[in-house]
Amino acid sequence: DSGVTQTPKHLITATGQRVTLRCSPRSGDLSVYWYQQSLDQGLQFLIQYYNGEERAKGNILERFSAQQFPDLHSELNLSSLELGDSALYFCASSVGASGTYEQYFGPGTRLTVT
Amino acid sequence: GQNIDQPTEMTATEGAIVQINCTYQTSGFNGLFWYQQHAGEAPTFLSYNVLDGLEEKGRFSSFLSRSKGYSYLLLKELQMKDSASYLCAVPTTSGTYKYIFGTGTRLKVLA
């Protein structure tokens, strides 16, 4: 158990819908990262927040947005969902903001868009 | 550009030694990570190299050559539970992509 929690574990929804994925980092960690993992593309970095502020941005679609709240939990919002958004979404956390800290990954949310 | 290359699949026998290679091209190098990921599960941290050379940690060792843009993960005394994907990852300090993960090497350990 990494100490990172994600809800829900599974999510099935229809195209065009909007969903929210939630992540709570390990106690003491200030950084939260979001990743998308699909079968054909591996682990893709989406976005990082550090202590409530956006720190780094990867290949995140405009239909996707995220935020980190004062209690450090984070939410990833996916809207106008398409079939291609079906994937495993991981949240990870680390102590610091830079890339030199190991990341602890949550169990993931499996999103299926039908 | 920024890129990471790893072999897609490898097969080895229980008790053997296997070396998983990773080559990378990035700007603003800040070290290289190896993660292990069992199918359907979350990645877990294995090692972090920022200086050239070999870092040993039990049955697992990781090597880095910054001048060659090359790293490898060495797994000794293979066990069935080592069957997993091994991801090479590089954090960068410039460009749009902050963290680049390789597509992973799927290792199958046979009895």
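Naming convention: chains lettered A, B, ... in sequence-line order (proteins, then strands); numbering from 1 in each chain.
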Rounded to the nearest 0.5 Å, the CZ atom of Phe33(B) sits from the OH atom of Tyr101(A) at a distance of 10.5 Å
In terms of heavy-atom contacts, does CD of Glu53(A) have more than 12 from other residues, nucleotides or ligands at under 6.0 Å? no
Closest approach of Ala42(B) and Phe90(A), non-hydrogen atoms and distance? CA-CE2, 3.5 Å
Shared ILVMFWY cluster between Ile100(B) and Leu46(A), side chains joined below 4.5 angstrom? no
Examine Phe105(A) together with Tyr35(B) and report whether their ring centres are nearer than 6.0 Å. yes
Under 4.5 Å to a heavy atom of chain B? For Thr100(A) that would be both
Spell out, yes or no, whether Phe63(B) and Leu74(B) are grouped together once hydrophobic residues are joined by side-chain heavy atoms under 4.5 Å, including indirect joins. yes
Quick one, Ser98(A) and Asn30(B) - any side-chain contact, counting heavy atoms below 4.5 Å? no
Atom CD of Glu41(B) and atom CG of Leu88(A): how far apart are they, to the nearest 0.5 Å? 11.0 Å
Quick one: do Leu111(A) and Leu76(A) end up in the same hydrophobic cluster if we chain Ile, Leu, Val, Met, Phe, Trp and Tyr together by side-chain heavy atoms under 4.5 Å apart? yes
Would a 4.5 Å heavy-atom cut-off, applied to side chains only, mark Leu87(B) and Leu43(A) as touching? yes
Should we say atom CD of Glu77(B) is surrounded by more than 12 heavy atoms from elsewhere, each under 6.0 Å from it? no
Is the distance between the ring centroids of Phe101(B) and Phe45(A) under 6.0 Å? no
Tell me, do Gln103(A) and Tyr99(B) make a side-chain contact under 4.5 Å, heavy atoms counted? yes
Take Tyr48(B) and Glu102(A) through the side-chain contact (heavy atoms from CB on, under 4.5 Å) test and state the conclusion after the steps. CA-CA 8 Å; Tyr48(B) 173 62; Glu102(A) 66 187 82; over 6 Å; no
Under a 4.5 Å side-chain heavy-atom rule over Ile, Leu, Val, Met, Phe, Trp and Tyr, are Tyr49(A) and Tyr35(A) clustered together? no
In the single-linkage hydrophobic clustering (I, L, V, M, F, W, Y; side-chain heavy atoms under 4.5 Å), do Phe69(A) and Phe64(A) co-cluster? no
